[in-house]
Chemist: 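This is the structure, below, for whatever I ask next.
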Amino acid sequence: MAFVLGLVLGVFVGLGLIVSFVKSENVRSKRRADLAATIAAFARMTVDDSKKILPPQYYPSWVVFSQSQKLAWLNQHLTKIWPYVNEAASDLIRSSVEPVLEQYRPIILSSLKFSRFTLGTVAPQFTGISIIEDGGTDGITMELEMQWDGNQSIILDIKTRLGVALPVQVKSIGFTGVFRLIFKPMVDEFPCFGAVCFSLRQKKKLDFTLKVIGGDISAIPGLYSALEGTIRDAVEDSITWPVRKVIPILPGDYSDLELKPVGILEVKLVQAKELTNKDLIGKSDPYAVLYIRHLRDRMKTSKIINNDLNPIWNEHFEFVVEDESTQHLVVKVYDDEGLQASELIGCAQIRLSELQPGKVKDVWLKLVKDLEVHRDNKNRGQVHLELQYCPFGMESGFTNPFASDFPMTSLESVLKSQANGTEATENGQAVTPKRKGVIIRGVLSVTVISAEDLPATDLVGKSDPYVVFTMKKSEMKNKTRVVNESLNPIWNQTFDFVVEDGLHDMLIAEVWDHDTFGKDYMGRCILTLTRVILEGEYKESFELDGAKSGRLNLHLKWMPQPIYRDS
């Protein structure tokens with residue numbers, strides 16, 4: 001009896017301790033949230049707000065300053081403490097950047113290290129300050145815009161593969177950018193935050209020159225450009241957002257504040273159209289460069305399509321995502337010039353925050369001359385992408401059973417998981433006890449219903465249109481009958497295509513005008529099979545590319561015929 005009574009009392013006491021602990025943690029969490037909200041509210045206070053709370057004699061003179069006066073006050077005090085900041089920051093930056101320099105060391109060098117690194121005696125000047133509202137309650141984010149034309153003393157000791165040692169001075173550094181400071185997490189003890197994270201949020205300008213002390217850097221061909229690229233990559237990889245440096249203020253574990261990959265972005269570079277011609281003879285030879293972070297080892301380059309202003313790439317790329325709320329996918333289209341430097345045709349970007357996790361987004365992006373300066377109204381063309389963002393823990397883990405050396409992309413995994421009807425875990429094992437590998441093979445049924453507002457190509461103001469359908473990979477073709485003297489033809493014809501690789505094939509629909517002694521091109525539509533595989537079937541009106549007007553009305557249906565094979 002005593003044992004049972006003790007057991008019951010022990011259970012109740014244990015439950016009481018657990019409830020007390022949970023309530024205590026909830027109270028502490030609420031206090032931290034309230035503290036963060038209070039600090040954020042104070043940070044947003046204006047001079048007028050402060051005057052409503054306290055009379056003028058209770059706050060210092062700098063409170064009544066304007067924004068420019070506050071920045072002047074801040075810069076004045078920064079100048080006073082700059083000698084101490086220089087000593088501490090120089091050591092911190094040197095220890096952070098030097099390993100990255102070694103990582104990106106050009107192949108022509110055997111060694112690349114700092115022999116001297118000081119930030120100089122001229123302090124940077126702050127030109128703007130703001131508090132960022134991110135919706136969170138466990139931290140404060142501040143951004144400081146800074147301009148710096150200092151007298152830094154930076155000397156690199158380099159050694160070539162031939163054993164030649166050279167001291168290279170980095171001089172005439174001009175910098176303008178925005179630094180982000182994150183005070184997090186908020187705690188209930190002074191100074192009210194546990195750590196500070198800092199990062200270069202935006203790099204507006206970074207100019208510098210390189211000079212060999214007592215020599216000529218041009219004596220070694222390619223050295224200047226190699227070193228310049230290495231320095232810029234080191235800056236990008238060491239302190240540029242989303243990279244951040246964490247400085248603990250109070251004891252604790254702040255590993256959750258460090259940079260970590262959070263997902264994978266799958267990109268299908270489909271095509272581009274109406275590109276600007278950069279060649280005097282013939283047409284441009286376009287290729288695309290894609291990246292999220294501007295690092296050489298993270299940039300993807302497409303194949304070159306020769307002599308074509310409407311190239312079709314249909315290539316897949318995969319990118320690591322580290323902060324989907326602020327990062328962008330950048331696409332730059334170049335004209336290949338052979339041995340000479342490629343010429344930029346145009347560039348575009350899309351915010352990853354615009355993508356719905358796990359969903360495929362089909363987008364056309366307009367190319368511009370510069371992503372920062374939006375004053376370019378010239379038509380430079382458009383680029384067509386299919387995008388899918390897969391946060392870690394969400395993507396399927398399929399492996400292609402017929403090409404085990406080439407792992408599937410997340411987009412392929414989603415499509416194949418739907419075709420197979422099974423789900424997979426992160427280690428590639430299916431939930432079901434036994435699954436079969438599957439190839440996306442099937443029959444694509446294309447019904448061409450009609451066309452509208454086609455351009456007139458005949459002298460009498462009419463056309464004799466017909467449509468040619470081509471599967472890009474298999475080159476299988478079908479064509480409709482000719483509808484005489486019509487700009488709004490109706491066909492209602494259906495064609496079936498056996499597709500061996502639905503993930504990587506494309507349907508090209510070209511509209512032609514039939515003539516007795518030839519034919520005239522009227523326009524085309526290029527379709528990937530992603531949507532029809534995901535939805536099963538759909539009806540859509542497609543605008544004709546390469547034509548002044550015209551739309552093609554199609555009904556597409558996918559009938560999967562998967563090939564199964566025992567795992």
Side-chain angles (χ1 to χ4, degrees), residues 265-292 294 299-317 319 328-351 354 361-387 454-455 457 468 470 472-473 475 504-512 520-530 542-552:
L265 177 68
E266 296 291 341
V267 180
K268 177 185 278 189
L269 175 65
V270 182
Q271 60 175 319
K273 66 179 181 180
E274 301 174 1
L275 296 181
T276 302
N277 191 9
K278 294 292 184 177
D279 291 347
L280 295 177
I281 301 176
K283 299 178 181 178
S284 297
D285 307 312
Y287 69 93
V289 176
L290 302 90
Y291 61 86
I292 292 179
H294 195 267
M299 301 170 74
K300 309 294 185 181
T301 303
S302 74
K303 60 179 178 285
I304 299 171
I305 307 296
N306 293 319
N307 199 38
D308 196 339
L309 301 180
N310 298 281
I312 301 174
W313 288 291
N314 197 32
E315 295 186 59
H316 286 80
F317 303 103
F319 298 90
H328 299 71
L329 173 70
V330 177
V331 183
K332 294 187 175 182
V333 180
Y334 292 90
D335 174 28
D336 179 63
E337 299 290 350
L339 298 178
Q340 298 179 358
S342 298
E343 188 173 359
L344 178 67
I345 296 176
C347 51
Q349 65 180 5
I350 182 171
R351 294 191 298 268
E354 298 179 15
K361 183 167 184 175
D362 187 289
V363 294
W364 281 93
L365 301 179
K366 180 181 178 182
L367 297 177
V368 297
K369 182 179 181 180
D370 192 302
L371 295 175
E372 301 294 336
V373 181
H374 303 285
R375 299 176 183 174
D376 182 26
N377 295 321
K378 181 179 178 181
N379 181 25
R380 298 174 180 275
Q382 299 180 68
V383 62
H384 183 197
L385 305 174
E386 285 183 352
L387 307 169
L454 294 180
T457 58
V468 177
T470 305
K472 184 172 175 57
K473 290 195 69 174
E475 298 184 353
H504 303 96
D505 214 340
M506 306 177 76
L507 175 68
I508 302 175
E510 296 177 307
V511 182
W512 296 86
D520 296 319
Y521 179 74
M522 301 178 69
R524 71 178 181 182
C525 305
I526 301 175
L527 311 176
T528 68
L529 306 189
T530 305
F542 298 96
E543 184 177 348
L544 291 179
D545 293 332
K548 294 181 180 179
S549 62
R551 303 186 69 86
L552 191 62

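Here the structure is a predicted model, which is why all the values come from computation and not from measurement.
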Chemist: Flag the pair Lys273 and Asp545 as a salt bridge only when some basic side-chain nitrogen lies within less than 4.0 angstrom of an acidic carboxylate oxygen.
Modeler: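 Salt bridge: yes.
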Chemist: Is the shortest side-chain heavy-atom distance between Tyr334 and Ile345 below 4.5 Å?
Modeler: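 Result no, sub-4.5 Å side-chain heavy-atom pair not found.
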Chemist: Take a 6.0 Å sphere around NZ of Lys303 and say whether it holds more than 12 heavy atoms from other residues, nucleotides or ligands.
Modeler: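 For Lys303, atom NZ is crowded (more than 12 foreign heavy atoms under 6.0 Å).
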Chemist: Mind listing the closest non-hydrogen atom pair of Pro455 and Ser549 along with its distance?
Modeler: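 Nearest pair, atom of Pro455 first, then Ser549: CD-O, 3.4 Å.
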Chemist: For the NE2 atom of His328 and the CD1 atom of Ile350, what is their distance to the nearest 0.5 Å?
Modeler: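 His328 atom NE2 to Ile350 atom CD1 measures 9.5 Å (nearest 0.5 Å).
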Chemist: Go through the side-chain N and O atoms of Ser342 and Tyr287 and say whether any donor and acceptor fall under 3.5 Å apart.
Modeler: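 Yes - a donor-acceptor pair under 3.5 Å links their side chains.
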Chemist: Determine whether more than 12 heavy atoms belonging to other residues, nucleotides or ligands lie under 6.0 Å from atom NZ of Lys283.
Modeler: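 12 or below, so no.
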Chemist: Could you tell me whether the side chain of Asp505 reaches within less than 4.5 Å of the side chain of Lys472, counting heavy atoms only?
Modeler: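 Lys472 reaches Asp505 side chain to side chain.
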Chemist: Would you mind reporting whether Asp285 and Asn307 have side-chain heavy atoms less than 4.5 Å apart?
Modeler: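 With C-beta onward as the side chain, the pair touches.
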Chemist: I'd like to know if the side chain of Asp335 and the backbone of Glu343 have a donor-acceptor N/O pair within less than 3.5 Å.
Modeler: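 Checked: no pair found.
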Chemist: Do Thr528 and Glu386 have side-chain N/O donor and acceptor atoms under 3.5 Å apart?
Modeler: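 Result is yes, a qualifying pair exists.
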Chemist: Is a side-chain donor or acceptor of Asn277 paired with a backbone partner of Asp308 at a separation under 3.5 angstrom?
Modeler: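 Not confirmed, Asn277 side chain does not pair with Asp308 backbone.
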Chemist: Pair Ser284, Asp279 - check side-chain hydrogen bond (donor to acceptor under 3.5 Å, both in side chains), show working.
Modeler: CA-CA 6 Å; Ser284 297; Asp279 291 347; 4.7 Å; no
Chemist: Here's one to test your reading of the geometry: is the NZ or CZ of Lys268 within 45 degrees of the ring axis of Trp313 and under 6.0 Å from its centre?
Modeler: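 No cation-pi geometry.
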Chemist: Under a 4.5 Å cut-off applied to non-hydrogen side-chain atoms, are Leu269 and Asn314 in contact?
Modeler: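 When only atoms from C-beta onward are counted, Asn314 and Leu269 do not touch, as no gap falls below 4.5 Å.
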Chemist: Is the shortest side-chain heavy-atom distance between Pro311 and Gln271 below 4.5 Å?
Modeler: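 Answer no - side chains too far apart.
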Chemist: Drop me the distance from Trp512's CH2 to Tyr521's OH, to the nearest 0.5 angstrom.
Modeler: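 Rounded to the nearest 0.5 Å, the CH2-OH separation comes out at 7.0 Å.
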